[in-house]
Amino acid sequence: MAITTATFLEKKKRGEKITVLTAYDYLTAKIVDSAGVDAILVGDSLGMVALGYSSTIPVTMEEMIHHTKAVVRGRKNAMVIFDMPFLSYQTGVKDAILNAGRALKETGCDAVKIEGGVTQKEVIRALVDSGIPVMGHIGLQPQSVNVYGGYKLRGKGEEREKIIEDAKAVEEAGAFAVVLEKIPQSLSKEITESLSIPTIGIGAGKYCDGQVLVFHDMVGLFEEFKPKFVKRYAELGKLAREAVKQYIEEVKSGKFPGREHSY
Ligand code: KIV
């Protein structure tokens with residue numbers, strides 16, 4: 001059954017956990033969709049994981065649209081969420097509506113995600129009023145890495161109250177869910193209990209209404225670094241490298257192709 005924003009809210013009411021994974025291409029979308037994930041996030045982590053950039057900052061609308069179209073072709077039931085790239089919404093309400101509207105019209109995605117709480121309240125409200133479902137994203141906001149000076153834990157000390165204010169702002173603006181990234185578990189618990197929209201955690205502990213991970217992290221394909229919050233459910237990078245080594249050996253030794261692979 002197709003997952004919608006209403007499903008997210010119903011799941012929160014029923015106390016049923018929501019599962020989200022990233023995908024940037026047709027094949028990955030098919031795998032995570034057929035496994036039964038609730039939503040596929042075409043994250044701007046695309047920049048680092050699939051395009052080799054050093055942060056999410058360089059990612060463009062064109063790149064996001066190209067990859068989201070492929071993801072939409074690969075899903076049957078999961079909701080597809082388009083991550084709005086840096087500077088596609090921070091420049092004002094009009095740009096945000098035009099870019100998010102373009103994402104929906106050109107890719108067939110179901111919703112967009114934007115980073116920011118209090119600062120993006122007006123933008124989130126304008127998008128929702130224009131018929132564009134929005135997932136918020138607070139706590140660590142990777143598009144602000146240059147302001148933070150790194151990817152450190154957020155929400156400690158005085159920043160705790162600020163993140164609670166961000167959560168309230170995102171809900172009041174009409175978002176259907178909010179990502180909580182890299183904040184203490186006690187803070188995500190407080191936010192989750194105080195909001196009526198679901199919280200989707202990444203590095204935010206077990207009390208969130210759902211969880212999101214980068215697919216390439218959780219299957220061990222992205223090997224450059226592993227944040228503490230990532231659990232590797234498989235080691236596909238190692239497996240693929242072994243397979244490639246064996247292929248090279250067999251081609252060199254003449255073992256491949258065998259009779260069964262020949263006409
Ligand atoms: O870009 C992304 O993959 C994300 C998730 C980590 C939430 O924003």
Side-chain angles (χ1 to χ4, degrees), residues 8 17-25 28-29 32 37-61 63-68 70-71 78-90 100 103 107 109-117 120 124 134-145 148 150-155 163 166-167 170 175-183 188 191-192 197-205 208-219 221-222 224-232:
F8 267 57
K17 294 282 187 186
I18 297 163
T19 54
V20 183
L21 281 173
T22 61
Y24 318 117
D25 62 74
T28 312
V32 300
V37 87
D38 292 310
I40 303 174
L41 171 67
V42 189
D44 61 354
S45 49
L46 159 81
M48 292 152 100
V49 178
L51 302 178
Y53 300 148
S54 61
S55 75
T56 60
I57 303 293
V59 177
T60 64
M61 276 297 292
E63 287 164 340
M64 288 301 303
I65 285 174
H66 176 76
H67 285 267
T68 306
V71 167
M79 184 179 194
V80 175
I81 303 165
F82 179 103
D83 207 0
M84 296 290 286
F86 183 58
L87 287 197
S88 66
Y89 58 94
Q90 289 93 338
T107 71
C109 71
D110 306 296
V112 300
K113 175 171 85 57
I114 74 169
E115 293 182 11
Q120 297 304 327
I124 297 173
V134 178
M135 172 179 263
H137 183 155
I138 61 172
L140 176 67
Q141 297 162 39
Q143 291 175 14
S144 298
V145 60
Y148 301 141
Y151 295 95
K152 288 189 283 289
L153 182 75
R154 310 308 310 180
I163 292 178
D166 281 340
V170 168
F176 71 92
V178 60
V179 169
L180 307 180
E181 179 161 355
K182 213 167 177 188
I183 59 172
S188 66
I191 292 173
T192 301
I197 58 169
T199 57
I200 309 296
I202 176 161
C208 298
D209 298 303
Q211 297 290 328
V212 56
L213 279 179
V214 169
F215 172 81
H216 293 70
D217 284 340
M218 56 87 71
V219 296
L221 276 171
F222 187 78
E224 280 167 37
F225 56 88
K226 188 186 93 59
K228 175 180 162 147
F229 59 76
V230 169
K231 177 170 176 181
R232 283 207 182 142

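Whatever order the structure lists ligands and atoms in, that order sets their numbers, starting from 1. Just so you know, these numbers use all the heavy atoms, side chains as well, and skip hydrogens, waters and symmetry mates.
Annotation: atom 2 (C) of ligand 1 to nearest protein heavy atom, S45 OG, 3.3 Å. Taking atom 4 (C) of ligand 1 as the reference point, the nearest protein heavy-atom neighbour is L41 CD2, 3.6 Å. Atom 6 (C) of ligand 1 has its closest protein heavy atom at I202 CD1, 3.5 Å.
Taking every heavy atom of T22 and a limit of under 4.0 angstrom, the matching atoms of ligand 1 come to 3 (O). Residue contact check: G43 has heavy atoms under 4.0 Å from atoms 1 (O), 2 (C), 3 (O) of ligand 1. Listed by number with element, the atoms of ligand 1 under 4.0 angstrom from any heavy atom of D83 are 1 (O), 2 (C), 8 (O).
By the 4.0 Å heavy-atom criterion, K113 is counted among the residues contacting ligand 1.
Taking the salt bridge (Lys or Arg N to Asp or Glu O under 4.0 Å) definition, one finds that D110 meets it with R75, sequence neighbours left out. Partners of D217 under the salt bridge (Lys or Arg N to Asp or Glu O under 4.0 Å) rule, at least two apart in sequence or in another chain, do not exist in this structure.
For the pair D44 and ligand 1, the shortest N or O to N or O distance falls below 3.5 Å.
In this structure, the separation between CD1 on I163 and CD1 on I191 is 6.5 Å, given to the nearest 0.5 Å. In this structure, the separation between OG1 on T60 and CG on D44 is 11.0 Å, given to the nearest 0.5 Å. Atom CD of E115 and atom CG of L140 lie 8.0 Å apart (nearest 0.5 Å).
For the residue pair V214 and S45, the shortest heavy atom distance occurs at CG2-OG, 4.0 Å.
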